Q: 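Take this structure first; my questions come after.
Letters A, B, ... mirror the listed sequences (proteins, then strands); counts begin at 1. Values below: every heavy atom of this structure, side chains too, minus hydrogens, waters and symmetry copies. Being a predicted model, the structure only gives us computed values, none of them experimental.
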Amino acid sequence: MDRYAEVIPDFELFKACLQTPQPHYIRINTLKISEEEAISKLSELGFVLEKVPYLKWFYKVVGTPGYSITHTLYHWLGWFYVQDVAPGLVSPILDPQRDELILDLSAAPGGKTTHIAQIIENTGTIVANEPVTGRLRSLQANTHRMGVLNTIITQHNGIMFPDSGPFDRVLVDVPCSGEGRARETKSRQKGAEPGFIESISGTQKGLLRRAIQLTKPGGIIVYSTCTFAPEENEAVVHYALQNEPCEIVPIDMSDIPHSKGLTRWQDMEFDQSLEHTVRIYPHQLDSGGMYIAKLRRL
Amino acid sequence: MSKRFRYKGQTIKLDFSEKWTELVKDYFHNRFGVDPTFWEPYKIFNRGDELWVASFSLVPEGVRIVKAGLRLLRVKGNPKPTTVALQWLNKHISKNVVYTDIETLSKLLNGAIIHVSNFPKTTTDGEKGYVALAFQNLIIGCGHISSGGMVKSQIPAGKARELKEILIRLSSKDLS
């Protein structure tokens, strides 16, 4: 991680934060239960929940009765989804609207898909795609558990997703080196292997290009990763800006601590508009890490 | 209306015929007291031997569909509701509910068959067929009552295992 010392603000705080356990956050599922009733029942069990001020339906678990909130009847019934606030920002930034046709290109295990369904209140159509057979099971289980009815699950290699739609909005939350999950998995704390970053960035470029091609002119694409590596973030979006008809849409995060996207990294120069993309570091939101870019298809 | 899709060399047919909607309305009204107007916002379709409910507004062409919506009923032989459908219907179910407590639910999940009179409360007249199992006044899944009034859990094994672990935690809390 030391290679990020010059770009991550308060780098010592960042490193110290990685040594602390990541808190649990939950998103109350209003497709199944009212926020008030869910909070009331969980409080009766002894869970202490603190509302996240900048993210609708999200609560931080600040106290437990001695067992995990996932081991409750209410989790089993789909009243809430355990979701970190950093990935929890992605679906609101996509800003899905009722009755739209939406594609989630790499959907498993379904946190963002079920979040989108909740935002548009089970209207419209979400195509939730997952190429990996083993991961389809978790996607299906979570959409069922959360009472999601507007979703069609498909299995395609995202880079070769068939001509379909065109879609009003496409979420492309790509496979990545996962450095932003270093608080959950100690082995990630040393940072990703350069060879892996290089190989995965090719896949990421292909997925983002296909996402743009599947979006209708004027439609919105959100690209996200849970890593800090600029080669998987700004470099991928810069590549898409050069090769597909699209532009950056600034993300309004004025009330939420975050950092701007990079416009240069080592010997690479990126499009200036990439400063309107978003980096979230764990010490800023007491969360995992995330990179989010919002684009418009031209 | 029906639509056909190619998937792994097989044709998948989603049959949106009105007869399936009528079947669902009648079945859930007669057996569980669900108001037939409840289904108005939803699409019902047949896929194989199962009826599914969904709210999507269109089915895109050209994609391999693995799953769409929520599985409601198995219609091969006597209709059988799914656990996930009964959970979803929850407060809309007004009859043929068997209310369990920790003791009776634990036994059911361990495979026991229990006479209906041994549950804390029921809204069934004992007529043979599928029932909704409730715990803490929430519908948790599907059960079956035989002509002799014996109740058996129909909650799938994986979900039952998860629920048993939750009950063990609740039991130990009650004892502490």
Side-chain angles (χ1 to χ4, degrees), chain A residues 31-33 37 41 44-46 65-68 70-79 98-103 117 120-131 133 136-137 139-141 143-157 161-167 214, chain B residues 3 5-8 12 14 41-44 52-72 82-91 102 105 134-141 155-156 158-170 172-173 176:
Chain A
L31 293 177
K32 280 220 162 169
I33 192 75
E37 189 172 355
K41 292 288 189 184
E44 280 175 23
L45 290 180
Y67 56 91
S68 167
T70 58
H71 297 152
T72 58
L73 178 66
Y74 309 127
H75 179 264
W76 189 79
L77 287 170
W79 285 15
R98 291 175 66 88
D99 301 319
E100 285 186 332
L101 177 60
I102 294 162
L103 172 62
I120 58 176
E121 298 175 319
N122 256 339
T123 66
T125 302
I126 302 171
V127 176
N129 182 65
E130 176 53 50
T133 302
L136 276 172
R137 192 181 171 86
L139 177 59
Q140 293 181 47
T143 52
H144 263 153
R145 186 173 68 85
M146 302 297 276
V148 168
L149 296 181
N150 64 344
T151 297
I152 293 168
I153 295 177
T154 62
Q155 186 178 22
H156 293 280
N157 177 340
F161 194 89
D163 287 333
S164 187
F167 294 89
L214 291 162
Chain B
K3 291 176 87 73
F5 305 91
R6 296 287 296 174
Y7 177 59
K8 289 185 177 173
I12 292 173
L14 306 186
Y42 302 110
K43 292 180 171 65
I44 307 293
W52 295 64
V53 60
S55 64
F56 46 73
S57 52
L58 60 87
V59 181
E61 295 289 343
V63 295
R64 289 181 200 146
I65 297 179
V66 176
K67 196 210 83 172
L70 192 81
R71 191 168 52 189
L72 273 181
T82 64
T83 277
V84 72
L86 295 176
Q87 285 178 6
W88 174 65
L89 288 166
N90 191 26
K91 289 176 181 171
I102 287 186
L105 181 55
F135 178 65
Q136 296 183 345
N137 288 320
L138 299 165
I139 302 295
I140 53 160
I155 296 173
K159 298 297 285 179
R161 233 181 349 261
E162 293 167 6
L163 190 51
K164 273 196 278 187
E165 287 175 17
I166 291 166
L167 293 185
I168 288 167
R169 199 158 286 107
L170 279 175
S172 60
K173 192 181 164 214
S176 61

Q: Name the member of A/K32, A/Q140, A/H75 that forms the most heavy-atom pairs with chain B at distances under 4.5 Å.
A: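 Most heavy-atom pairs under 4.5 Å with chain B: A/Q140.
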
Q: Give me the atom names and distance for the closest heavy-atom approach of A/I152 to B/P60.
A: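 Here A/I152 and B/P60 meet closest at CD1-CD, 3.7 Å.
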
Q: Which atom pair, heavy atoms only, marks the closest approach of B/V66 to A/T154?
A: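 Heavy atoms only, the tightest pair is CG2-C, 4.0 Å.
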
Q: Considering non-hydrogen atoms only, spot the tightest contact between A/W76 and B/I140 and give its length.
A: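 Nearest pair, atom of A/W76 first, then B/I140: CH2-O, 3.4 Å.
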
Q: Could you tell me which portion of A/L101 (side chain, backbone, both or neither) has an atom closer than 4.5 angstrom to a non-hydrogen atom of chain B?
A: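 Side chain of A/L101 only, per the 4.5 Å heavy-atom cut-off to chain B.
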
Q: With respect to chain A, which residue among B/E165, B/K159, B/K91, B/E162 yields the maximal number of heavy-atom pairs within a distance under 4.5 Å?
A: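 Option with the top pair count is B/K159.
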
Q: Minimum heavy-atom separation for B/I166 to A/L73, with atom names?
A: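 Closest approach of B/I166 to A/L73: CG2-N, 3.7 Å.
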
Q: Looking only at non-hydrogen atoms, find the nearest pair between A/T125 and B/S57 and report the distance.
A: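 Smallest heavy-atom distance, with atoms named: OG1-N, 2.9 Å.
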
Q: In Å and rounded to the nearest 0.5 Å, what is the CG to OH distance from A/N122 to B/Y42?
A: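 So the gap between those two atoms works out to 7.0 Å.
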
Q: Do you know which of B/N90, B/L167, B/L138 has the most heavy-atom pairs with chain A at a distance under 4.5 angstrom?
A: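 Greatest number of close heavy-atom pairs with chain A: B/L138.
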
Q: Can you name the nearest heavy-atom pair linking A/H144 to B/V84, along with the distance?
A: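 In this case the closest contact between A/H144 and B/V84 is O-CG2, 3.7 Å.
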
Q: Among A/P162, A/G124, A/G78, A/A117, which residue forms the greatest number of heavy-atom pairs with chain B at distances under 4.5 Å?
A: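 Maximum pair count with chain B is reached by A/G124.
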
Q: Counting only heavy atoms closer than 4.5 Å, note whether A/S164 contacts chain B via side chain, backbone, both or neither.
A: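 For A/S164, the contact with chain B is made by backbone and side chain together.
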
Q: Answer yes or no: does atom CZ of B/R161 have more than 12 heavy-atom neighbours from other residues, nucleotides or ligands under 6.0 Å?
A: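 No, not enclosed.
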
Q: Could you walk me through whether A/V127 and B/F56 satisfy the side-chain contact (heavy atoms from CB on, under 4.5 Å) test, starting with their C-alpha distance in whole Å, then the side-chain angles of each, then the deciding distance to 0.1 Å, before giving a yes or no?
A: CA-CA 10 Å; A/V127 176; B/F56 46 73; over 6 Å; no

Q: To the nearest 0.5 Å, tell me how far B/R169 CZ sits from A/L45 CG.
A: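 So the gap between those two atoms works out to 11.5 Å.
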
Q: To the closest 0.5 Å, what do you measure between CG (A/D99) and CG (B/L58)?
A: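 Atom-to-atom, A/D99:CG and B/L58:CG are 10.0 Å apart.
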
Q: Quick check for you: to the nearest 0.5 Å, what is the distance between A/L136 atom CG and B/K67 atom NZ?
A: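 Taking CG in A/L136 and NZ in B/K67, the distance rounds to 10.5 Å.
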
Q: Side chain, backbone, both or neither: which part of A/N129 has a non-hydrogen atom closer than 4.5 Å to chain B?
A: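 Looking at A/N129, nothing touches chain B.
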
